[in-house]
Trainee: 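Starting off with a structure, shown below.
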Amino acid sequence: MPNNPVFILALESSCDDTAAAVLENGKVLSNVVANQLVHVQYGGVVPELASRAHQQNIVPVVEAALNDAYVEKGSLSAIAFTQGPGLMGSLLVGSSFAKSMSMALGIPLIGINHMQAHILAHFIDNDSPTPQFPFLGLTISGGHTQIVVVRDYFDMKIIGETTDDAVGEAFDKTAKILGLPYPGGPLIDKHAQSGNPKAYVFTKPKVPGLDFSFSGLKTAILYFIQKKTLENPNFIDENINDICASVQHTIIEILIEKLEMATKQTGINQIAIGGGVSANSGIRNALKEAEVNRGWKTFIPEFQYTTDNAAMIGIAAYYKYLAGDFENINVVSKARIPF
Ligand code: KG4
Ligand code: ZN
């Protein structure tokens, strides 16, 4: 650990949340997120509207993060931002802001991969237990579904990922079919808690190896609902809890089966999850059960660090700061970015 406190201001603007956090030596002093409600009426994120909202939100969100942390701009050691992956217009708001601030204050600039940050959120200095290297990361969000072998902070390898929709999209698109508002994942979770997970059976996709596919499941659910509502126009209203529980159960089985394969293939049985979908109560329960039934050791971050947030960007940046891994002002944002 360095002698002087390292204060990092971190920004996250890859999709539809504008977030800023201040960390002191890996401890979160503030973690502010402004959600963009403008997308609800469209049933999904509208990229152009997201970048406009980031522009409106970024100054007040950064001010709130500094105020909550009681840290002056002049005390900052570095500024970090999400370099990618994400929506280009959204990423550019965060990177331009970070570059300007780094130049104005004369402090280092640190670029972070959003997906690595979801995994590194487990290293935030708090009461949650921390996985030991090597471990498997399962990142499940609205944009990604990946199984990653994590050998060190920045030594990560993707060993499985979705070939089409992300698992969060499977939740959100199912919710849309059921007439639930965006983002539907949390609502499916809520209904599922009062439903029978075995009420309906959906065929699981057959994808070789550790990769995933969720678009076929979405289509199967659509046809199922169309058929059932033809027979009974009130089918959704009368069975919403059972439908949600059955869909959620199918998704969880797909994830657990692939994790099982990954643990066998790698010999690693520590699993750390991240991304918005890891807030799902069914997934959390299934992982806790796997600790008992399969001998896995599972790690679930605090709720505020699972969905998109800037504290995870800050902890990733802290390790880059310690390694002296800085960007120059010409660094470019990337919609797609390798590990
Ligand atoms: O990581 P995140 O906040 O943003 C992305 O990078 O995508 O993840 C958002 C996704 C959305 O698809 C949302 O529906 C899903 O996470 N989500 C959930 C739950 N909470 C959020 N899905 C299922 N159950 C939940 N409780
Ligand atoms: Zn994310």
Side-chain angles (χ1 to χ4, degrees), residues 10-19 21 31 33-37 39-40 43-45 47 50 54 81-87 90-91 94 112-122 137-146 148 161-162 165-178 180-195 197 212 214 217-218 243-252 254-255 273-287 300-313 315-316 335-337:
L11 310 177
E12 153 60 31
S13 69
S14 63
C15 190
D16 62 337
D17 294 316
T18 318
N31 188 33
V33 184
N35 305 116
Q36 302 180 358
L37 298 178
H39 307 288
V40 174
V45 177
H54 282 305
F81 66 99
T82 304
Q83 191 187 353
L87 302 170
S90 294
L91 290 167
I112 297 296
N113 179 314
H114 178 93
M115 299 312 296
Q116 290 191 334
H118 269 304
I119 292 172
L120 295 175
H122 288 273
L138 173 72
T139 26
I140 40 180
S141 74
H144 295 271
T145 305
Q146 295 179 335
V148 181
E161 62 187 328
T162 185
D165 289 352
V167 64
E169 280 178 284
F171 274 104
D172 295 339
K173 288 179 178 175
T174 301
K176 203 168 178 176
I177 294 168
L178 299 176
L180 299 171
Y182 175 86
L187 295 167
I188 295 209
D189 188 359
K190 195 158 164 264
H191 285 294
Q193 289 176 37
S194 316
F212 298 90
F214 288 102
L217 179 64
K218 171 199 66 194
I243 302 168
C244 289
S246 302
V247 170
Q248 184 168 298
H249 177 72
T250 310
I251 293 174
I252 294 170
I254 295 170
L255 293 174
I273 63 169
V277 182
S278 55
N280 184 271
S281 62
I283 292 171
R284 288 177 171 239
N285 291 339
L287 287 173
I300 306 175
E302 240 179 67
F303 181 75
Q304 60 169 329
Y305 305 133
T306 59
T307 49
D308 283 353
N309 67 89
M312 68 182 194
I313 304 299
I315 190 68
R336 290 170 178 275
I337 186 169

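Counting convention: from 1, in listed order, for ligands and their atoms alike.
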Trainee: Rounded to the nearest 0.5 Å, what separation is found between the CE atom of Met115 and the OG1 atom of Thr82?
Mentor: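 Result: 11.5 Å between the selected atoms.
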
Trainee: Indicate the atoms forming the closest heavy-atom contact of His191 with Leu180, along with that distance.
Mentor: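 Distance-wise, the nearest heavy atoms are NE2-CD2, 4.1 Å.
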
Trainee: I'd like the contact residues of ligand 1, where contact means a heavy atom below 4.0 Å.
Mentor: His114, His118, Ser141, Gly142, Gly143, Gly168, Phe171, Asp172, Pro183, Gly185, Pro186, Asp189, Gly275, Gly276, Val277, Ala279, Asn280, Thr307, Asp308

Trainee: Can you tell me how far CG of Leu138 sits from OG1 of Thr145, rounded to the nearest 0.5 angstrom?
Mentor: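 The CG atom of Leu138 is 8.0 Å from OG1 of Thr145, to the nearest 0.5 Å.
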
Trainee: Check the angle between the aromatic planes of His114 and His118 and answer parallel, tilted or perpendicular using the 30° and 60° thresholds.
Mentor: perpendicular

Trainee: So, taking the atom named CG in Asn285 and the one named CG in Asn280, what distance separates them when rounded to the nearest 0.5 Å?
Mentor: 8.5 Å

Trainee: To the closest 0.5 Å, what do you measure between CG (Asp172) and CD1 (Ile188)?
Mentor: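 So the gap between those two atoms works out to 8.0 Å.
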
Trainee: Give a yes or no answer on whether the side chain of Glu12 reaches the backbone of Ala19 with a donor-acceptor pair at less than 3.5 Å.
Mentor: no

Trainee: Leaving out waters, which are not shown anyway, how many protein N, O or S atoms lie closer than 2.8 Å to the Zn ion (ligand 2)?
Mentor: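 Step by step: take the Zn ion (ligand 2), keep protein N, O, S below 2.8 Å, and you get 3.
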
Trainee: Test His54 against every option in Asp16, Asp17, Thr18 by the side chain to side chain donor-acceptor pair (under 3.5 Å) rule and name the one that passes.
Mentor: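 With His54 as partner, side chain to side chain donor-acceptor pair (under 3.5 Å) holds for just one option, Thr18.
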
Trainee: So, taking the atom named CZ in Phe81 and the one named CG in Leu91, what distance separates them when rounded to the nearest 0.5 Å?
Mentor: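 Going from the CZ atom of Phe81 to the CG atom of Leu91 covers 9.0 Å.
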
